[in-house]
Amino acid sequence: MSKYHFNEIEAKWQKYWADNKTFKADNNSEKPKYYVLDMFPYPSGAGLHVGHPLGYIASDIYARYKRHKGFNVLHPMGYDSFGLPAEQYAIQTGQHPAKTTEENIIRYREQLDKIGFSFDWSREVRTSNPEYYKWTQWIFLQLFDSWYDIDLDKARSIEELRVVFSSEGNQKVNAACDEDTEKFTASDWKEFSEIQKQEILLKYRLTYLAETEVNWCPELGTVLANDEIVNGVSERGGFPVVRKKMKQWSMRITAYAQRLLDGLEKLDWPQPLKDSQTNWIGRSKGASVEFKVQNSDFRIPVFTTRPDTIFGVSFMVLAPEHQLVEKITTADQKEEVQKYIETTAKRSERERMADVKTISGVFTGAYAEHPFTGESLPIWIGDYVLAGYGTGAVMSVPCGDQRDYDFAKHFNIPIPNIFRDVDISEEAYSGKENTFITNSEFLNDLSYEQATEKIIAALEEKGVGEGKINYRLRDAVFSRQRYWGEPFPIYYKDGMPQAISVEHLPLHLPEVEKYLPTETGEPPLGRADVWAWDEKNLKVVSNKLIDHKTVFPLELNTMPGWAGSSWYFFRYMEDANRDEVFASKEALNYWKSVDLYIGGSEHATGHLLYSRFWVKFLNDRGLVPVEEPIKKLINQGMILGESAFAYRVYLDNSQVEEILEKNPEDYSSDEKEDLRALLDQIKSLYISHSIYKSESPKTIVVNHVKEKMSFKSDILDRLKLKIVPVHVDVKYVNLSNELEVFKLYQSIESKKEFENAVFIGENGLEITRDNNEKYIVGREVEKMSKSKYNVVNPDEICEKYGADTLRMYEMFLGPLEQSKPWNTAGITGVNGFLKKLWKLYHSGKNEAFFVTENEASKDSLKTLHKTIKKVEEDIEGFSFNTSVSTFMIAVNELTSQKCNSREILEPLAILISPYAPHIAEELWSKLGHADSISTVPFPKFEEKHLVESNKEYPISFNGKMRFTMELPLDLSKDEIESAVMAHEKTIQYLEGRTPKKVIIVPGKIVNIVG
RNA sequence: GCUCGAGUGGCGGAAUUGGUAGACGCGUUGGAUUCAAAAUCCAAUGUUGCAAGACGUGCGGGUUCGAUUCCCGCCUCGAGUACCA
């Protein structure tokens, strides 16, 4: 073979690696270990696009590099195969999600194999496999069997808690538990029935069942965690989310808030990602203070970060949902309060978020008592106070908080000033530095720090408050009303949840005839006929037997997507598919934690936070030897695709006029103005985004417009105009043919007019066709997704240019962490490079393989060692794009040096093998080696080949480089100066002047200041 | 609003602790080869100017012999977050 036939070469080596299990990691090795992990994919029906492999290629290069460096590398891959899309597909088609998942996995595997990754497939995991989810269920049971001891700051077993309760009650137990947990003594405990005991224990368990207000997504028919909601709508599908009370499993992640925060410091993770976790945990330091409600026994606890401003309190505000509202509202305010609560409840979360400027609230008629002055403070309710944060109530200090200030101004509540020499006539003062408190009794003339310290002491002494740290982090809801997820190993006896022990796991997902909720609103598992637990025979039996005394109903919810992905990195460590452990002690102790993890930043507050939580928990219970799962993490950027749009414009301004004219009484003139403005806004937006179209004249479908515009949503509602994000494939657009659309694109590119087209903005054309139909054609660079029809498939690239080209090109696109548009224009450059590389080894007659044993030239050695140094530095610094150019430079130089000596070409093949493993293996075998190149030691850099005797000095005048001069490197400063000053060009540039100063940095630069 | 990140040729992007701005690749132009095309190879390519030169890393200042790099003040774009008391 003389020509570079990448197809044959790549197929040959991919087969070789599979047959020889080249990349199988060893759990018993003398070599140091290194664990390189990719975030495993969800196998979607769309298959892989060129964006997916970006991170995998980077991690593969690193894994291969580490093997060359003498490490025993674990580089596994698997599938996060439980999830919503498979289920939704199942609902539509009736196919079992297991089947479509399996099909998708097969396709993913084919695509992955074509790219030449060095994965150890023998360790593959699939979260939806019963052998795998058995252990997800088991971890759930471990959490169920644990409580959090705040004194020891770790999780302990529930059995130990039972022992404590029966010997001393819960008086001294300092645990993370439900807020409504009441105190009892040891003798009380003995008196409790078993059910009562279980009820109490449930308040302590790390995974617990509780009536909680959850984010309910009616369209999806399930609850969502906070991190699954983006901009008030569901992350998947973009459906509205409402608050609803439901009995749900929750994870007591809040017990770990501080440790999750502290642990971040030691992690080698991107700072923005750490910042977002810090922000998500949201620690704030302050104090809790209790305000007594006058003429009652009620107390309102509040959290404040500024207890030093307590003498500035002039009113209280409760969240409308606050449980005390009902109890304290006076009779004459009842009606108004009720009305307000109803209106706020009706407003969706999204509206409430969008509309932060409107100040609203109602006085309850009740008053609280200032804990120090005894002053009466009116108690209001207002929706700027959130039920979900702190205690759902605030002490309002209008002089020190802008929201309190605005509220007070709006409702004419007094604004007492407690800041010395600060003017608050225009706005609140929230500064802390160099201010002193006044009008505050014993806090007068103190600084912020002094006052804070003193007031906390006073609060504690009086028994009305204490220093407190508050977290924004909420416990994570763990129940999903879905089919395609892990079943809970839980059944209900007398209403109390009971664990099914590990010997009886996995608890297999039952068969159902439909994947929808039941008619009575129960989750899909409610449709299963065989879904009850026989306590006596320890097995799943038919629901019909539930009447029997030993058969009980099983949990109908399933676990969320993040359950399986929170521990999968441990399962890979096991080299055998063991049924008796989630991962053996030996494997866990050997591999410990992930050394390098590559994946997208979208998992910052979901997967990466939950994983850390579970690992800390498993560590507490002695089940894993590490506190943190991932040492170093890199977020690869997204590869963006160019999406196209070409829509007919159905609704123009005249049609809107028509709508308005038909129902003139429906709209005021202001509203008409608003509507016209809105349509103009939409029109200007479709220039840069996709276009609106309508199926019926009253429906406008706008893509991405929602995010970009501020509109009055009620107007849209009134007009029954719907705004829904939709992408349409340009192929299906009703222009006469594809060629026409293609030509339109060309004219955008060249900025040439096309027939009756008018440019709108940078990327759009408006075309009026003969029959007066209007179309908008445009382009947009956005995230690749099937629904946007902008997906580029890696298979196409592999077929046309080969996997090595794909790998190098993806790296060459730019820095790994950066998002960049996919553009195939440059791919020929990388492909050409590989051809040149091949030629370098085939410079003999008829382009036959030609490598000699001749001694390498000095220049070639210099090129080689320069390359070794740079490539090594680049890989260690994850700067893969620059090492591709380094290879290009090396091959260009060696080609012009006509280098053909083994001394150079052998190490070069090793250098390049992490990037282009197929061609490297082929060259390696042609060089006469029988074994794979994959574990050959990385070439050693030798400084001596780079040592130069001369330096081309840049000579600059006043900092501007004018010419260069070659001088020996061993010259002293004085010698350099005299050589430079004697140069004719120096004399020319000086024009007879004497330089004021000559700066000489030996080996670097000469600068003459004149 | 707040928190991060980024602004460098026609394009993707290089540039060690401040030391020759624009590596490498794409594109473009010219040339060689070819009946022709593809492929390949050679040369040029920041702007301006015939040239010498001048100007150039978002804008305005500053520090320095010297600033894409450091400091101060702005502008623009992107990402995350959002009534967090």
Side-chain angles (χ1 to χ4, degrees), chain A residues 3 230-232 270-276 278-280 282-284 286 302-307 309 317 319 352-359 382-386 388-397 400-404 406-407 430 470-473 601-602 604-605 635 637-638 808-809 812-815 817-833 835-836 839 870 873 877 879 881-892 895 952-964 995-1001 1003-1010:
Chain A
K3 237 186 141 218
V230 179
N231 294 328
Q271 197 53 45
L273 197 146
K274 287 199 203 178
D275 289 348
S276 73
T278 305
N279 188 271
W280 194 260
R283 179 192 146 111
S284 47
V302 301
F303 173 75
T304 174
T305 53
R306 293 295 300 274
T309 63
V317 184
R352 213 159 137 177
M353 268 160 58
D355 180 26
V356 287
K357 285 181 200 101
T358 317
I359 296 160
D383 67 0
Y384 83 94
V385 177
L386 304 176
Y389 182 77
T391 61
V394 298
M395 58 173 229
S396 294
V397 184
D401 181 287
Q402 196 56 45
R403 290 155 306 166
D404 295 347
D406 294 340
F407 195 89
S430 57
N470 197 51
Y471 299 91
R472 199 187 78 120
L473 185 73
S601 57
E602 67 272 19
T605 49
N635 290 131
M638 241 182 316
M808 289 201 104
Y809 186 60
F812 191 56
L813 276 176
E817 294 93 333
Q818 203 171 296
S819 287
K820 52 236 155 189
W822 178 258
N823 172 5
T824 43
I827 204 160
T828 52
V830 173
N831 190 238
F833 156 74
K835 289 181 187 165
K836 278 188 217 166
K839 270 193 190 168
K870 181 83 169 87
E873 283 169 3
S879 174
N881 55 327
T882 50
S883 44
V884 177
S885 11
T886 307
F887 287 130
M888 289 173 169
I889 294 167
V891 168
N892 287 343
T895 303
E952 180 113 341
Y953 275 96
I955 313 298
S956 42
F957 291 77
N958 297 321
K960 280 232 178 288
M961 208 281 287
R962 295 301 181 182
F963 63 94
T964 60
K996 281 192 198 126
K997 207 170 170 187
V998 179
I999 312 275
I1000 291 162
V1001 185
K1004 287 253 162 147
I1005 201 172
V1006 177
N1007 190 19
I1008 297 163
V1009 187

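Reminder, nothing fancy here: chain letters follow the sequence lines and each chain counts from 1.
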Heavy-atom closest contact (A/V397 atom, A/D404 atom, distance): N-OD2, 2.9 Å
Taking all non-hydrogen atoms of both residues, which atom of A/V317 and which atom of A/S396 are closest, and how far apart? CG2-OG, 3.4 Å
Protein-nucleotide distance (A/E817, atom CD; B/rG78, atom C1'), rounded to Å: 16 Å
Output yes when at least one side-chain N/O atom of A/R306 is less than 4.0 Å from OP1 or OP2 of B/rC84, else no. no
Using atom C1' in both nucleotides, what's the gap between B/rG22 and B/rG10 to the nearest angstrom? 14 Å
Please state whether the rings of A/Y384 and A/F407 are parallel, tilted or perpendicular, taking 30° and 60° as the class boundaries. tilted
Distance below 4.0 Å between A/S284 side-chain N/O and B/rA85 OP1 or OP2: yes
Distance-minimising heavy-atom pair for A/S956 and A/N1007: O-OD1, 3.1 Å
So does A/K1004 get a backbone contact from the side chain of A/Y953, meaning a donor-acceptor N/O pair under 3.5 Å? no
Any sub-3.5 Å donor-acceptor pair from A/N470's side-chain atoms to A/S284's backbone N or O? no
With rounding to whole Å, what would you report as the distance between B/rC11 and B/rG46 at their P atoms? 14 Å
Spacing of the C1' atoms in B/rG12 and B/rG60 (rounded, Å): 30 Å
Return the nearest nucleotide to the side chain of A/I889; candidates are B/rA85, B/rC24, B/rG66. B/rC24
How many Å lie between CZ on A/F812 and P on B/rA23, as a whole number? 12 Å
Whole Å only: how far is the NZ atom of A/K836 from the P atom of B/rG25? 6 Å
Looking across every strand, which nucleic acid part, if any, lies under 4.0 Å from A/N892 by heavy atom: base, sugar-phosphate, or nothing? sugar-phosphate
Distance, P atom - from B/rC26 to B/rA21, rounded to whole angstrom: 25 Å
Gap in Å between the two P atoms, one belonging to B/rG49 and one to B/rA39, rounded: 34 Å
Which of these nucleotides, B/rA21, B/rU40, B/rC4, is closest to any side-chain atom of A/D275? B/rC4
A/L386 CG - B/rC83 P separation (whole Å): 6 Å
Testing the basics here: between A/V884 and A/M808, what is the closest heavy-atom pair and its distance to 0.1 Å? CG2-O, 3.9 Å
Of B/rU40, B/rC26, B/rC24, the nucleotide closest to the side chain of A/K835 is B/rU40
Whole-Å distance between B/rG25 C1' and A/Y809 OH? 9 Å
Nearest-Å distance for atom pair CD/C1', residues A/Q818 and B/rC11: 14 Å
Contact class for A/V1009 (heavy atom, under 4.0 Å): base, sugar-phosphate, or nothing? sugar-phosphate
Expressed as a whole number of angstroms, how long is the span from A/I827:CD1 to B/rC26:P? 12 Å
A/K820 side chain vs A/P815 backbone, donor-acceptor pair below 3.5 Å: yes
Below 4.0 Å: OP1/OP2 of B/rA82 and any side-chain N or O of A/R472: yes
Does a side-chain N or O of A/N881 approach OP1 or OP2 of B/rC24 to a distance below 4.0 Å, or not? no
Syn/anti state of B/rG9 by chi, 90° boundary around 0: syn
Scan A/D401 against the nucleic acid and name what it touches under 4.0 Å (heavy atoms): base, sugar-phosphate only, or nothing. nothing
Its dot-bracket string being built from Watson-Crick and G-U pairs below 3.5 Å, with | for another strand and [ ] for crossing, RNA chain B has the pattern (((((((..(((......[....)))((((((.......))))))(((....)))..(((((..]....))))))))))))....
Distance between the C1' atoms of B/rC24 and B/rA14, in whole angstroms? 7 Å
Parallel under 30°, tilted from 30 to 60°, perpendicular over 60°: which one fits the rings of A/F957 and A/F963? tilted
Spacing of the P atoms in B/rC41 and B/rG80 (rounded, Å): 43 Å
Indicate whether OP1 or OP2 belonging to B/rA82 is found under 4.0 Å from a side-chain N or O atom of A/N279. no
Check whether any side-chain nitrogen or oxygen of A/K997 sits under 4.0 Å from OP1 or OP2 of B/rC65, and answer yes or no. yes
Kindly say if A/R283 contacts the phosphate of B/rC84, meaning a side-chain N or O under 4.0 Å from OP1 or OP2. no
Using the P atom as the reference point in each nucleotide, state the distance between B/rA6 and B/rU17 in Å, no decimals. 16 Å
Can you measure A/K274 atom NZ to B/rC4 atom P for me and round it to whole angstrom units? 15 Å
